[in-house]
Amino acid sequence: MELIGLVDSVNAAVSNINFGRKGFATRGKEQEGRIAYEKGIANAMVAFKQAQKSANPQTIILAEYTFLSQELHLCDARDKNALVSLKSAIESFDEAFLCLEIVEKHDLYQAVEKCCSRRSKCRVNGFPKDAFHLACASHRARLKNNLSSIGIDPIEKLLLEQRRLNLTTAQNSYVNKQNIALSVP
């Protein structure tokens, strides 16, 4: 899937999910809301599975970033907790994108790696636990917390699980990029 197509699919999916949720709460619009919600979840699931299949950390993170950005755009301004959480996640993924750029520049990444702690709690499979790893780990925790919420629809739980799985795939692929960057003479 092309990145532009992925972004468009995720944006449309989040819009449908949001429209569906609002429909649930509107008398006479429940059926229309349910249809839009299920369509949005299904389309998001397809997009996230395609992103995972690519095993490209940038593609996976872009899908998640797009989902979060669209949720932030549609979030009620009075929902302060959601706004803070979404902004924090987006900021952490901004930093993750920078790590993806740097890991491709092998000489630069080798220099950066020398500045990283060697303590095991600061490493992932022996590689620096940088902002990319931190973004994935903290967002997986957010998604896990969402899964624990009461009243989450079973199909939305499947989507949350897929998104968590994608972050693990992205992190594993990123470790491979770190390995390549640090192995190049």
Side-chain angles (χ1 to χ4, degrees), residues 1-4 6-11 13-14 44 47-75 79-149 159-185:
M1 174 180 261
E2 287 185 30
L3 292 181
I4 293 173
L6 176 70
V7 168
D8 287 344
S9 293
V10 172
N11 276 331
V14 175
F48 280 107
K49 283 184 176 184
Q50 288 177 337
Q52 183 193 23
K53 188 177 178 182
S54 77
N56 181 332
Q58 183 173 13
T59 301
I60 294 168
I61 296 302
L62 180 62
E64 192 62 41
Y65 187 89
T66 302
F67 195 94
L68 294 169
S69 297
Q70 186 70 353
E71 279 190 321
L72 178 62
H73 175 71
L74 297 171
C75 189
D79 192 350
K80 300 296 183 199
N81 291 334
L83 290 171
V84 168
S85 180
L86 290 167
K87 286 178 182 177
S88 175
I90 289 168
E91 288 171 4
S92 69
F93 284 123
D94 284 336
E95 294 169 354
F97 281 121
L98 293 174
C99 290
L100 280 167
E101 285 181 33
I102 293 170
V103 79
E104 296 293 336
K105 299 173 183 168
H106 301 161
D107 291 344
L108 179 58
Y109 196 77
Q110 288 172 4
V112 168
E113 196 271 342
K114 290 177 184 174
C115 299
C116 296
S117 173
R118 300 279 182 244
R119 293 182 299 177
S120 62
K121 72 177 188 174
C122 299
R123 310 294 274 183
V124 175
N125 295 336
F127 298 103
K129 187 188 285 185
D130 57 24
F132 188 92
H133 292 291
L134 296 175
C136 289
S138 64
H139 196 57
R140 262 197 316 272
R142 269 186 206 91
L143 294 172
K144 184 178 180 184
N145 289 340
N146 287 345
L147 280 163
S148 301
S149 299
L159 178 60
L160 291 168
E161 285 292 348
Q162 180 63 50
R163 290 168 63 196
R164 284 184 69 215
L165 187 59
N166 280 18
L167 292 170
T168 300
T169 301
Q171 208 168 356
N172 290 337
S173 296
Y174 183 73
V175 165
N176 289 337
K177 287 185 174 291
Q178 288 179 298
N179 185 28
I180 292 167
L182 297 174
S183 298
V184 173

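One is the number of the first residue; the rest follow in order along the sequence. All values below were derived from every heavy atom in this structure, side-chain atoms included, with hydrogens, water molecules and symmetry-related copies excluded.
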* **Closest approach of A89 to H139 (non-hydrogen atoms, all atoms of both residues)** => CB-ND1, 3.9 Å

* R118 (side chain) donor-acceptor with R123 (main chain) under 3.5 angstrom -> no

* Would you check if the side chain of T59 reaches a backbone N or O of A55 as a donor-acceptor pair within less than 3.5 Å? => no

* Y65 and F93: aromatic ring centres closer than 6.0 Å? -> no

* Less than 4.5 Å apart, any side-chain heavy atom of L147 and any of R164? -> yes

* Would you say the side chain of N56 lies within less than 4.5 Å of the side chain of S173, judging by non-hydrogen atoms? -> no

* Compare all side-chain heavy atoms of Q178 with those of D130 and state whether any distance is below 4.5 angstrom. => yes

* Would E104 and Y109 count as a side-chain contact (heavy atoms from CB on, under 4.5 Å) if you check the C-alpha gap in whole Å, the side-chain angles of each, and the deciding distance to 0.1 Å? -> CA-CA 8 Å; E104 296 293 336; Y109 196 77; over 6 Å; no

* With sequence neighbours excluded, tell me which residues meet side chain to side chain donor-acceptor pair (under 3.5 Å) with S183. => N179

* **Closest contact, heavy atoms only, A63 versus V10** => O-CG1, 3.8 Å

* Kindly say whether I60 contributes a backbone atom to a donor-acceptor pair with the side chain of Q52 at under 3.5 angstrom? => no

* Go through E95 and L134 one step at a time and tell me if the side-chain contact (heavy atoms from CB on, under 4.5 Å) criterion holds. => CA-CA 9 Å; E95 294 169 354; L134 296 175; over 6 Å; no

* To do: May I ask you to test the V103-F127 pair for a side-chain heavy-atom distance under 4.5 Å?
  => no

* To do: Please check if the side chain of Q50 supplies one atom and the backbone of L6 the other of a donor-acceptor pair under 3.5 Å.
  => no

* Assess whether side-chain contact (heavy atoms from CB on, under 4.5 Å) is satisfied between I180 and H106, documenting all intermediate values. => CA-CA 8 Å; I180 292 167; H106 301 161; 4.0 Å; yes

* **More than 12 heavy atoms from other groups under 6.0 Å of CZ on R119** => no

* Asked: Does K129 use its side chain to pair, donor to acceptor, with the backbone of K121 at less than 3.5 Å?
  -> yes

* S85 (side chain) donor-acceptor with N81 (main chain) under 3.5 angstrom -> no

* **Nearest heavy-atom neighbours spanning Y174 and P57** => N-CG, 4.1 Å

* Asked: Under the side-chain contact (heavy atoms from CB on, under 4.5 Å) criterion, do L143 and L167 qualify, and how do the steps go?
  -> CA-CA 10 Å; L143 294 172; L167 292 170; 3.9 Å; yes

* Heavy-atom side-chain proximity of L72 to L68 below 4.5 angstrom -> no

